[in-house]
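Below, each value reflects all heavy atoms present in this structure, side chains not excepted, and no hydrogens, waters or symmetry copies. All of these numbers come straight from a predicted model, not from anything done at the bench.
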Amino acid sequence: MGSFFTVKRLRRWSLVFGIASLALCTSASLFADFNRLSQLQNKGFSISAEARLLDADTGANALLGSINPERQLSPASVTKAYLAAAALIRFGPQHRFTSQLVSSGRVEDRAEGGVLRGDLVFEGGGDPGLTTENLWRLVQRLHLAGVREIDGALVVSQWRFGPVDCITTDRCDALTRVTNAYSAPLSSAGVNFGSWCVNVAPAASAGEPARVGLCDSQTSLITIDNQVVTRPANSGTEISAERITDERGDVMRLTGQISTNATARDVYRGAGDAAEKTAQVLMGMLNQAGIQVSDSWRVSSTQPPSTAQRLAAVDSQPLQEILLRIMNYSNNYMADVLALDLVETPQAQLRQAGQAIESYVQRLPGHGPLTLYSGSGLTTENRTSAQGINVMLEDMFRQSALFPSFVAAFQSPANGVMRFIRRGSTTFQNNVMLKTGTLNQPFAVRAAAGYFRTAQGRWGVFSVMVNGSGSTPYLSWTEVLDPLSLDLDAMILAN
């Protein structure tokens, strides 16, 4: 008898416990939405947000939360996720861009120190990550090929694209004056992300000018107006830098102070003309290698003739490694160069690059409208929806051969290079992979999109765009990431 009542009692408690568990799960699901993020609407900000689960086996998905998911807003640098997807589908993860030295002339007396009878042409291959190391390898290979003298000029050919028209205020202003590196001009023959790098180190004694020089050349390729003063130890280091372009060419103007016990600092500023910068750097390297050039350098937008023969070549890093730099560091120069690589016709412009990405998206069912004026997201005219971004993310999730390279370019908050995303709970830190986007002018944009893994190991996608206007206040990342991390945390734990 006692056992019978015990069994009935256990069944009754099991039923009660089951109902309580169901209620708890239902309660958790009710709070697993964007209710915290949505409060920004009360401050006048426009929001498009959506999060959903993905089922890799059946293709089914479940909506977890949304705020105006079809609203068209600016994604800022989340645009780079579209670019990464389009580039992977077009080129494949292992694609490399080739830059080369070619000439229609012939090399005479190769064994005794060859003379190239004709112009030496650097044909830019649209490598988004071309560096001085790559150029030095080109020059070394030219030297190994026996060339010691060029009876002609050095010609930098940017026939694929360049100079690219500036369509943003920052880049247009940067043609004559700039205080950043992200506004660097675009070219298929640009090196070092279209920027000059100057190294600033303290002098031995306080009161003396700081020691300055180019980061990667012993030759004085540009004028450096050094007004940085060395101060006593522990005085603090504050350096301002501006690149201006005048009758002297590009000039780096440095002001401020550096302490005697401070470490040297590298300062990057966009060049006035990316192809001209490449010509200056390459000419300096040829001289350093003992290869004499009889005429000066010049820049061309004409494709080398089909009769031109390759004298030396260098390949870029594989595309999947280029995407790590573009996505992790949100490198705008690299992003726009890669987007221009998607255009098949010569002398491409940014709007054509955006249209190339739009063409890729048009084949994605259910995406909706997409307008891109750049691949970097620097252009505030870019427009998409949270629903559209998620459609693209889901499509890449189902691309088995491409997804590993794609998702690897997103940042984990716990381990990402951007410190401002290292926030929120342990769940958010370790279960989310995201790409962020930021703009401050002419209105504030804070955007984030990517993937997450739930407590049960399921995959999900999320996209959030918060846009201000001319009348809304400044929007910090804390105001967006804090509520977003709590909302995603609840979704992850509830599923």
Side-chain angles (χ1 to χ4, degrees), residues 122 124 128 130-132 135 153-200 209-210 212-228 239-256 265-287 293 295-302 331-337 340 347 349-350 374 376 378-379 441:
F122 172 75
L130 187 73
T131 64
T132 45
L135 291 188
L154 169 65
V155 180
V156 171
S157 172
Q158 53 180 351
W159 69 268
R160 287 181 171 83
F161 51 87
V164 177
D165 294 339
C166 60
I167 60 174
T168 63
T169 300
D170 286 348
R171 278 198 172 129
C172 290
D173 290 346
L175 295 176
T176 55
R177 185 182 301 269
V178 71
T179 57
N180 60 60
Y182 66 77
S183 297
L186 303 170
S187 169
S188 59
V191 65
N192 291 342
F193 321 113
S195 294
W196 293 108
C197 176
V198 173
N199 184 263
V200 184
V212 300
L214 292 177
C215 299
D216 45 22
S217 176
Q218 296 176 358
T219 306
S220 299
L221 302 179
I222 61 171
T223 300
I224 301 177
D225 180 5
N226 177 28
Q227 300 178 31
V228 180
I239 299 172
S240 296
E242 180 181 42
R243 188 271 302 156
I244 60 174
T245 301
D246 57 22
E247 65 280 358
R248 296 170 291 177
D250 281 0
V251 178
M252 283 284 279
R253 178 173 295 163
L254 306 169
T255 59
R265 308 288 178 90
D266 286 344
V267 180
Y268 297 85
R269 294 294 182 265
D273 185 296
E276 289 185 2
K277 174 185 184 293
T278 300
Q280 291 172 271
V281 171
L282 195 50
M283 182 67 90
M285 289 182 174
L286 289 169
N287 291 333
V293 183
D295 298 335
S296 185
W297 58 263
R298 68 177 185 271
V299 172
S300 170
S301 294
T302 303
N331 190 303
N332 295 304
Y333 174 89
M334 294 181 71
D336 281 329
V337 168
L340 289 161
Q347 291 305 302
Q349 297 295 324
L350 283 174
S374 74
S376 65
L378 274 180
T379 44
Q441 296 293 336

> Can you check side chain to side chain contact (heavy atoms under 4.5 Å, CB included) on Asn199 and Arg265, steps first, answer last?
Replying inline: CA-CA 6 Å; Asn199 184 263; Arg265 308 288 178 90; over 6 Å; no
> Can you check side chain to side chain contact (heavy atoms under 4.5 Å, CB included) on Val293 and Met283, steps first, answer last?
Replying inline: CA-CA 8 Å; Val293 183; Met283 182 67 90; 3.9 Å; yes
> Step by step, would you call Leu350 with Asp336 a side chain to side chain contact (heavy atoms under 4.5 Å, CB included)?
Replying inline: CA-CA 7 Å; Leu350 283 174; Asp336 281 329; 3.8 Å; yes
> Would Val299 and Trp297 count as a side chain to side chain contact (heavy atoms under 4.5 Å, CB included) if you check the C-alpha gap in whole Å, the side-chain angles of each, and the deciding distance to 0.1 Å?
Replying inline: CA-CA 7 Å; Val299 172; Trp297 58 263; 4.1 Å; yes
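Considering only heavy atoms from C-beta on, Met252 comes within 4.5 Å of Ile222 through its side chain. Using a 4.5 Å heavy-atom cutoff, the side chains of Val178 and Asp173 are not in contact. Counting heavy atoms from C-beta on, the side chains of Val191 and Leu135 come closer than 4.5 Å. Taking 4.5 Å as the limit, every side-chain heavy atom of Val198 sits out of range of all side-chain heavy atoms of Asp266. Residues Val251 and Asp246 have side chains in contact (heavy-atom distance under 4.5 Å, counting atoms from C-beta outward).
Here the closest heavy-atom approach between residue Leu130 and residue Gly190 is recorded as CD2-O, 3.4 Å. When every heavy atom of Val156 is checked against every heavy atom of Ala275, the shortest pair comes out as CG1-O, 3.9 Å. The two residues Thr278 and Ala189 come nearest to each other via the heavy atoms OG1-O, 2.6 Å. A pairwise comparison of heavy atoms in Gly194 and Ala184 identifies O-CB, 3.5 Å as the closest pair. Pairing each heavy atom of Cys166 with each of Leu175, the nearest pair is SG-CD1, 4.1 Å. Nearest approach of Thr132 to Val281, heavy atoms of both residues: CG2-CG1, 3.8 Å.
In this structure, Thr179 OG1 and Ile244 CD1 are separated by 12.5 Å, a value rounded to the nearest 0.5 Å. Rounding to the nearest 0.5 angstrom, the gap separating the CD atom in Gln280 from the OG1 atom in Thr219 is 11.0 Å. Rounding to the nearest 0.5 Å places CZ of Arg253 at 12.0 Å from CG of Asn226. Once rounded to the nearest 0.5 Å, the distance linking OG of Ser217 with CH2 of Trp196 reads 8.0 Å. Note that OH of Tyr182 is 7.5 Å distant from CG of Leu378, once rounded to the nearest 0.5 Å. One distance of note links OG of Ser296 with CG of Leu154; it measures 8.5 Å at 0.5 Å rounding.
Taking 4.0 Å as the cut-off between side-chain N and carboxylate O, Arg269 and Glu242 do not count as a salt-bridged pair. Under a 4.0 Å N-O distance rule, the pair Arg248/Asp225 does not qualify as a salt bridge.
Side chain to side chain, Arg243 and Thr245 meet the donor-acceptor criterion of an N or O pair below 3.5 Å. For the residue pair Asn180/Ser183, the side-chain donor-acceptor check at 3.5 Å is satisfied.
Of the possible polar contacts, one joining the Ser157 side chain to the Thr302 backbone as a donor-acceptor pair under 3.5 Å is found. A donor-acceptor distance shorter than 3.5 angstrom exists from the side chain of Asp250 to the backbone of Gly272, with no hydrogens or angles considered. With hydrogens and angles disregarded, no donor-acceptor distance shorter than 3.5 Å links the side chain of Asn192 to the backbone of Ser195.
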Considering only distance and modelled atom types, tabulate donor-acceptor pairs under 3.5 Å from the side chains of residues 158-165, sequence neighbours left out.
from	atom 1	to	atom 2	distance (Å)
Gln158	OE1	Ser187	OG	2.7
Trp159	NE1	Glu123	OE2	2.9
Arg160	NH1	Gly124	O	2.7

